[in-house]
Structure formats: structure tokens, C-alpha cells
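Have a look at the structure below, then the notes.
Since the structure is predicted, the reported quantities are computational estimates derived from the model, not experimental observations.
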Amino acid sequence: MDDLYQGKTPITEFLGKWSDRLGGWGLRNKILAPTILITLLTGLVLNFQSSSRIQKVLHGELQSKGTALCHALAANAQQSMATQDISTIQSHIDEYRQTAGVAYVYVTDAQNKVLVHTFSPSFPEGLQEVNKPAPGTSDSQVKTVDYMNIDALDIATPILAGIMGTAHIGMDLNLEKAQVRANAWISFWTVALILLLGIAALWAVTQRIINPILALSVATEKIVKEGDLSQKIVVVSQDEVGRLAGNFSLMVEKLREIPLGLQGSVQKLSQALSGLQKAAEEQNKSVTAQAAALQETQVTAQEIKQTSQMAAQKASEILQLAEKADEIGHTGEASVEQSLKGLTDIRHQVLEISGKIGDLTDRTRQIGGITDTVKDLADQSNMLALNAAIEAVRSGEHGKGFGLVAREIRRLADQSLQSTGRVKEILDNISEAIDKLAQITESGSRRMEDGLVQVKSSGENLRALVGVIKDNSASVKQIANAVNQQNIGISQVFTAVKDQNTMMEETVKRLESTMEAVKALQEVAKSVSDIVGSYKV
Amino acid sequence: MKSRFWKSILGIITFLALGLSARAETGVTADEIVLGQSAAFKGPAAGLGTEVWRGAQACFDKVNAEGGVNGRKIRVAALDDGYEGDVTLPNTVKLVTQEKVFGLFDYVGTPTLVKALPAIQQFSGDGLFLFSAFSGAQPQREAPNDKFVFNIRASYRQETAALVKNLTKLGLKKIGVFIQDDAYGRSGEDGVVRALKSEGLTLTAETTYQRNVPYETSMAPAMGALKASGCQAVIAVGAYTQCAAFIRDARNAGWDVPIANLSFVGADQLLKKLGEEGKTSGKDMTAHLVNSQVVPPWTDTSVPLVAEYREAVDKDNPQLPAELQDPNYKPAQYSFGALEGYLDAKAFVEILKKTPANLTRASFIKAAESSKSLNVGGVPLSFSKSNHQASNKVFFTTVENGQWTSLKDWKGLVK
């Protein structure tokens with residue numbers, strides 16, 4: 001069914017082509033063309049119908065008239081032929097010929113010889129043979145005659161059943177045709193007149209329809225091309241077109257209100273956006289500053305980490321040295337015992353110890369310096385963490401995690417400070433001990449030179465020294481542990497700072513997208529403003 | 001007592017007779033007799049009616065001038081029918097019922113008279129009659145019309161029979177006719193056909209023309225048809241305008257066969273037309289023409305009737321009342337038509353003279369029917385109860401020196 005309905009046949013294609021072509025026509029042509037077509041068709045059909053009907057009626061009239069005349073003529077002729085001469089019959093046929101529609105009259109005798117006729121200059125030879133009623137009938141015989149320029153309806157009435165002759169009357173078919181033609185012309189001109197009047201009337205009517213539509217079209221075009229909503233459309237008519245124009249006017253009124261309202265909204269939006277932009281810019285500034293601070297924190301934390309690692313390394317080195325010293329103490333004790341046998345070697349060894357002690361003093365002093373540095377770093381970390389906490393508070397929800405980290409950093413920094421204090425105290429003790437050791441070693445060595453006796457005391461002293469070194473080694477171990485712990489804390493601080501930095505980067509990114517959104521909104525507001533500006537209101 | 005009784009009876013009869021005679025006949029008063037005439041005074045055949053009227057009027061004027069007949073002067077109430085029968089009929093009724101004429105007189109033409117005859121027949125119950133008609137056709141010579149129509153002139157049959165007889169004598173056996181397409185033409189043709197039949201011949205060709213067509217109408221088709229059929233002579237049964245046109249076209253085509261015309265044609269008007277035509281074309285249009293006539297040529301003053309007619313016309317020269325005159329027709333001083341009119345009037349006057357003073361239609365008819373021999377001076381006239389055609393005389397004329405004269409030698413026609 002659908003295939004059939006939608007299928008393209010030559011007819012539908014043709015119709016489609018024509019309707020496309022007609023689609024390009026103006027309203028007036030669309031109204032006029034079918035009207036003219038229908039009127040013409042109606043006129044033609046009516047003309048044809050009336051012509052054929054009139055012809056039929058006329059033909060019938062002509063025939064009945066001719067038959068009546070011919071009957072009368074035959075009756076007259078019968079009387080005249082019986083009693084009068086031929087001129088009397090001629091005088092009868094003269095009378096009949098004057099009747100409208102009669103083309104000719106003639107009378108033949110029983111031998112079908114023409115007696116009288118109305119032809120001039122002469123009777124058409126052979127015409128009497130065209131319509132010859134059979135002998136013995138009284139009825140008229142009708143025949144259409146088209147003979148030697150004669151176009152007539154020949155009615156033949158036998159006179160006295162044909163024994164006296166036949167009366168013929170020819171009814172003029174040209175007259176009939178002329179009347180049909182005249183009728184055709186009259187109806188043609190009538191249709192033409194009606195058509196002209198109809199076209200004039202339709203013209204006037206379509207003018208009244210098209211003019212307002214044209215006005216509307218022009219107004220619409222102005223709105224489309226120039227955005228001119230300020231124009232007024234005046235249409236007087238009360239019909240559908242008038243109503244359309246009135247509604248169109250109202251619509252333009254309403255349209256005018258839209259850009260006006262939009263204009264206000266856009267202005268408000270622009271203000272809000274510029275406020276938002278300012279706020280975003282400020283936030284950006286502060287976040288940027290915060291990020292820079294964090295960056296610095298990170299760098300510093302890195303440094304602290306490295307320093308802490310170094311401290312840990314040094315501490316382990318010290319520990320090794322302390323262990324070595326312990327070992328050396330033991331070895332020294334054995335050596336003292338051996339020194340009894342070889343004092344000279346001892347003297348060399350004492351001198352060596354003295355030198356080593358000097359180095360140890362230097363190292364201890366160095367450790368003290370490092371510890372000071374670690375203390376400073378811890379102080380600074382503390383300060384930074386405090387700052388970070390403040391910023392975190394300012395960052396709001398995003399800064400919450402960061403705040404926790406900052407607090408943790410502060411705690412670690414505090415612990416670092418305490419440990420560093422203790423390291424310093426121990427170091428001070430070591431320093432003191434080393435100083436004492438140095439003095440003892442010096443006096444021992446001086447005494448070594450004096451004698452062997454003193455070696456024994458030296459051995460005892462050495463034993464004491466080994467004990468001290470043992471204590472010293474324990475302290476150094478503690479220092480190393482503390483430094484390691486500090487190192488771990490500092491690593492945690494660093495990780496936290498790194499995390500915070502990452503989070504800060506995300507915040508900056510989010511701020512950037514906020515800015516972009518603000519920018520896009522500004523563009524939207526601008527384009528809406530442009531659109532509104534393109535309308536004249 | 002007896003004689004007184006009879007005296008008184010006689011007195012009553014006399015009184016009644018006087019009383020009856022005092023009741024005047026229609027159209028008759030103590031000093032006037034009114035006749036009615038319908039004729040062609042206007043139109044292409046104006047010359048026919050005008051001339052007949054002028055001739056008759058010349059005669060009546062002469063008689064009236066002499067005091068009339070029995071103290072009664074004769075007046076003709078004339079109406080124009082333009083040579084159309086459809087007018088002749090109402091004219092006749094008008095003359096009888098309104099003009100209340102005594103009798104009808106000198107109707108002109110066959111188709112016109114044929115239309116009027118039934119009406120005249122109707123009125124003949126009151127004794128109405130038609131005295132003479134300028135037509136030789138048969139209808140008014142045959143029953144029932146021959147009872148109330150008195151013809152003076154010879155018939156067309158007699159004219160055509162005489163023409164055919166003389167033409168065939170010349171060896172011209174192929175005769176065609178050129179006829180007016182009406183009762184007149186057909187009557188003439190009928191005469192020709194009958195005459196040819198008696199000679200054992202048939203009509204070679206028949207052509208017609210429409211009554212009253214103007215002189216400018218070309219008759220060449222008819223002429224051509226006759227020529228093509230091999231006619232050696234043509235008998236024209238028409239009126240002067242169309243016969244002149246026929247002769248013009250025949251002679252212009254170089255066809256010079258004898259052309260015969262009947263008395264009705266209006267010979268003088270025909271000659272006048274041909275004379276004018278000959279002047280413009282430079283050709284002799286009057287050669288080989290023969291006209292049959294029912295009166296002697298008016299040029300022959302040796303005939304007493306002609307002399308009397310001419311004298312009367314010279315003295316009187318009557319003219320139609322202005323309302324009946326055709327502006328295009330100028331009457332001739334003398335003409336065959338007028339001579340015939342004069343003859344008709346004279347015959348009427350002669351019969352009237354024989355009628356008792358107590359004039360009635362019946363007494364007039366009785367007087368006419370008893371006129372076995374009327375002397376009008378040149379044409380023998382005779383009526384009887386059974387014969388209502390006074391003359392059987394046919395004259396033949398031809399043109400010589402521009403005038404109609406008696407035809408003396410038929411052979412001259414074929415020279």
C-alpha cells in the first residue's frame with residue numbers, strides 16, 4: 001500500500017513538477033489562474049451544450065415548420081393544378097418563399113418534371129431527383145440536401161398521393177447554422193465579459209489581500225535584515241488578513257519586550273561576572289603566593305632532608321668511630337700490658353691517640369654546628385607549618401587536609417627541637433670529656449717519657465678511658481638514633497609538603513577553569529548583548 | 001274603382017322603384033363615380049403604374065371635362081403597391097371597404113393581381129368587379145375569376161404564342177425564356193411552353209430573375225446559362241428594369257440573338273434605359289429586339305385611337321398626385337402603357353355610356369357583357385357573358401431610329 005502510495009509514477013512526477021512550478025506563482029496568479037480556467041471551461045462546455053441544443057431545437061423547428069408549409073403548399077397546389085394555371089401555383093410558392101427560413105420552393109408534376117420554382121437564374125438540374133417520395137404515399141419525406149451550393153432540409157410532400165406531383169420546400173440550413181453561430185458568439189462574448197468582470201473583481205479583491213500581506217512581508221524582511229522592531233504595521237481590513245496583520249503587530253510589540261528584558265539581564269550578568277572575575281583573580285593571587293610559599297617550603301624541606309641525612313650519616317660515622325675508639329681502648333689496654341714490654345711503641349701510639357683526640361674534638365665541634373643548623377631548620381619548619389595552617393584555614397574546605405599536615409609538621413618540628421637539645425647537651429658532655437681526655441693523654445705521654453712505672457698507671461688510666469669511651473659510644477649511639485628519627489620525621493614533612501604542593505597545583509588548576517568559565521560567561525553575555533543590540537526597539 | 005286600384009298599385013311600384021333607385025350604389029353619387037386602382041407607382045416598376053394611370057386619367061379628364069357620363073364624373077382613387085402583391089391585397093380591401101369604390105380599375109401586374117383576386121372574388125358577391133388589368137396572365141382569365149374580371153388586352157398566352165410562331169418560322173427552334181420568378185413570369189413561360197408544344201417543340205432553357213432587383217444587378221449568369229444551352233432566341237417575361245439589364249449583359253457579351261419582350265415590360269421605359277446604356281457603352285443595345293404589344297404603337301397616329309390619345313395627353317398631360325410620384329421616374333410624353341390605360345378607360349366610358357342612368361354594379365356588368373362590339377377607334381373590342389377578354393389583338397414592334405415601330409419584316413431580327 002505504502003509503496004503504491006509513495007511510488008513515483010509518471011503522473012505523480014508530472015503533477016509534482018507542475019505543483020513545484022505553480023509554487024513559484026504569486027498569490028494573485030494562484031487565485032486568478034484556476035478561476036479563469038474554470039470560467040473558460042464552463043463557458044466552453046455551456047457554449048457547446050447550448051449550441052448543440054439550439055441546433056437540435058432549430059433543426060426540429062425548421063423541419064416542423066417546413067413540413068407544415070409543404071403540407072399547405074401541396075393542398076393549395078392540388079386545388080390550383082386542378083382548376084388554375086401554373087402562374088397561380090407560382091403565386092402560392094412566392095408566398096411560401098417569403099417565410100423566414102425557406103431557401104427554396106418548387107413543385108413537380110407526376111413525371112417529376114419541375115413546374116414552378118423559386119430558383120434564380122435557373123433550377124439546379126437534378127435537384128428534383130434528390131428527394132423523391134415513393135409513389136402512392138401521402139407522407140412528407142425529409143432529406144438533407146447538399147447539392148450545388150444548396151445546403152437545405154428538403155421536405156417533399158406528395159400532391160394527391162403523388163398522382164399530381166410533389167411539393168418541395170427547402171428549409172435553409174445555413175440560417176440554422178448562422179443562428180447557432182450567432183448564439184455561439186453571443187455566449188462567447190457573454191463568457192468573455194463575465195470573465196473580464198470576474199478578473200477585474202478578483203483583481204480588486206486580491207489587491208486587498210495581497211497589499212496587507214506585502215506590507216507584512218516588507219515589515220518581516222526589515223525585522224530579519226535590520227532587526228527593526230520599531231515599525232508599525234497599519235492594516236485597516238477586518239478580514240482574516242487584517243487579523244493576521246493585527247496579530248503580527250502585537251507579536252512585534254511582544255518581540256520588542258524580549259530584547260529590552262534581555263538587555264537588563266545581560267547588564268546584571270555582566271556586573272556579577274566582573275565581580276566574580278575580581279574575586280577569582282584575587283584568589284588566584286593569594287593561591288599563587290601560597291603556592292610559591294609551599295614551593296619554598298618544599299625546597300627548604302628538601303634541604304632539611306638532605307642535611308638530616310648528612311647528620312644521620314655523620315652520626316653513624318661517629319658511632320663507628322666511637323666503636324673504633326672502644327676497640328682501640330681495648331687494644332690500648334692490651335698494648336699497655338704489652339707496653340711494659342715495648343714502651344717506645346706506646347709513646348708512638350699515645351701520640352697517635354692524642355692526634356686522634358684532636359680530630360675528635362674538631363668533629364664534635366662540627367656535630368655541634370650541625371645540630372645548631374638542625375635546630376634552626378626545625379624552628380623555621382615550625383614557623384612554616386604555622387603559616388601553612390593559617391593559609392589552610394583561609395583556603396577553607398580545600399585547606400583542611402593541608403591544615404592537618406601542617407599540624408603534624410609542627411609536632412615533628414617540636415620533637416626535632418627537643419632531640420636537638422639533647423644532642424647538644426650530650427655533645428657538650430663529649431666535648432668536655434674529650435678535653436679532659438686530651439689533657440690526660442698529654443700528661444700521660446709526658447709521664448710515659450719519664451718511666452715505666454707510670455705505664456702501669458697509664459694502663460689503669462687507659463682502662464678508665466676505655467670505660468669513658470664506652471659511655472661515649474652509648475651516647476653517640478643515642479645521637480645516631482635521634483638523628484635517624486629526625487631524618488624520618490623530616491621525610492614525612494617533605495612528603496606532606498609535596499602532597500600539599502600537588503593539592504595546591506590542583507587548586508590553581510581549578511581556579512584557572514573557574515577563570516575560563518567566567519571568561520566563557522563573559523563571552524556569552526557579550527554575544528547576548530550583541531544580539532540584543534542588533535534589534536532596534 | 002278598378003283603374004284606381006291599378007293606378008295605386010302602379011303608384012306604389014313606382015314609389016318603390018324610385019325609392020330603390022334613390023338608394024345609391026356604392027361608389028356612385030349623382031355626380032361622381034369612384035373607381036379604385038392599386039398599381040406600381042413607386043419603385044423599379046414605377047413606370048408601369050404611372051404610365052397606365054396617366055393614359056387612363058387623360059381619358060377620364062377628357063370625359064369629365066365634357067360633363068361626365070350621365071352627369072357623373074369619373075374619379076380614380078389610386079393606391080401604390082410598389083408591384084408587391086402583399087401590398088395589393090390590403091390596398092384592395094381598403095379601396096372597397098374604406099374608399100367604397102364602385103369598381104376596381106386597371107390593376108397593374110400579375111403577382112399583384114393574383115394576390116388580390118381572392119379578395120375581389122369575395123367582394124364580387126356584392127357585385128364588385130375589376131375592369132381591365134395591365135396583365136395578360138391566365139388567373140384572371142380563368143374560373144372563377146373570369147366572372148368578375150373584365151380583361152381588355154390579349155393574354156400572355158396569345159402574345160407568346162404569336163411570338164413563338166413567328167420566331168420558329170424564322171427557323172429559330174431553340175427558344176429559351178428569361179422570366180420573372182413569379183406568377184407573371186410563370187404565366188408567360190407557360191404560354192411559351194404551350195406554343196412550342198403545338199409546334200412539336202420543347203423549351204430549351206429556363207432562367208429566372210427576382211422581381212424588383214435593381215438595374216445594376218448582373219444578369220450575366222442567366223444570360224450565360226441560356227447561351228450555353230444553345231438558345232437561338234430568348235423570350236423575356238419581365239419588367240423593363242431587369243429586361244434592360246438582361247439585354248445589356250447579353251449585348252455586352254456579344255450575344256446578339258433576337259430577344260423578345262411582352263407587352264407588360266414597359267417598352268418605352270425599356271427603350272429609354274437601353275438608349276442611356278448604349279450612350280455610355282457605345283454599343284447599340286436596341287438591335288434584334290421584338291416586343292409583342294396589345295395596343296398599336298403610339299407612334300402610328302394613323303390609328304384613330306392613337307391620335308385621340310395623343311391629343312388628349314397633349315391637352316391635359318395628367319400627373320400623379322405628389323404623394324404617389326416616384327422621384328426617380330420621369331414620365332414619358334407618350335407610351336404604350338399610357339395608350340393601354342387610355343384604351344381601358346375609353347372602353348369603361350363606352351360601356352358606362354350604354355348603362356342606364358340608374359347606375360348599379362349589376363347594370364354596369366350587364367351592359368359590359370352585352371357589348372358585343374365596342375368602337376374605340378383601332379382596336380376591336382367585344383365582351384359577352386362567357387367572354388371577359390375584349391381584345392385578342394397582338395401587335396409586334398421593333399426599334400427603328402430609336403423608336404418603337406411596327407415590325408414589318410421578321411427576318412430583320414436575324415440579320
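Of the atoms belonging to A/His92, not a single heavy atom falls under 4.5 Å from chain B. Proximity to chain B is limited to the backbone of A/Leu115, based on heavy atoms less than 4.5 angstrom apart. Contacts of B/Arg141 with chain A are absent, with no heavy-atom separation under 4.5 Å from either backbone or side chain.
A 6.0 Å sphere centred on CD of A/Gln98 holds more than 12 heavy atoms belonging to other residues, nucleotides or ligands. The number of heavy-atom neighbours closer than 6.0 Å to CG of A/Leu197, taken from other residues, nucleotides and ligands shown, is above 12. Within a 6.0 Å radius of NZ in A/Lys56, no more than 12 heavy atoms belonging to other residues, nucleotides or ligands are found. With a 6.0 Å radius and a threshold of 12 heavy atoms from other residues, nucleotides or ligands, A/Lys65 has its NZ atom above the threshold.
Put simply, of B/Gln138, B/Gln210, B/Met223, B/Met219, the one with the most heavy-atom pairs under 4.5 Å next to chain A is B/Gln138.
For B/Asp181 against A/Thr118, the heavy-atom pair with the smallest separation is OD2-O, 4.2 Å. When all heavy atoms of A/Thr88 and B/Pro139 are compared, the closest pair comes out as OG1-CG, 3.7 Å. Taking all atoms of both residues into account, the shortest heavy-atom contact from B/Ser187 to A/Ser87 is CB-CB, 3.5 Å.
Rounding to the nearest 0.5 Å gives a distance of 10.5 Å between OG of A/Ser120 and CD of B/Gln180.
Not one N or O on the side chain of B/Arg186 forms a donor-acceptor pair closer than 3.5 Å with the backbone of A/Ile89.
Residue pairs satisfying the ring pair (Phe, Tyr, Trp, His ring centres under 6.0 Å) criterion with at least one member in residues 210-247 of chain B, sequence neighbours excluded, are listed as follows: B/Phe178-B/Phe246. The salt bridge (Lys or Arg N to Asp or Glu O under 4.0 Å) analysis of residues 232-255 of chain B, with sequence neighbours excluded, yields no pairs.
B/Arg153 meets the salt bridge (Lys or Arg N to Asp or Glu O under 4.0 Å) test with B/Glu159, B/Glu340; sequence neighbours excluded.
For the pairing with A/Ser91, the side-chain contact (heavy atoms from CB on, under 4.5 Å) check across B/Asp182, B/Val114, B/Leu117 returns one residue only, B/Val114.
Applying a 4.5 Å heavy-atom cutoff, the residues of residues 189-208 of chain B that approach chain A are B/Asp190, B/Glu206, B/Thr207, B/Thr208.
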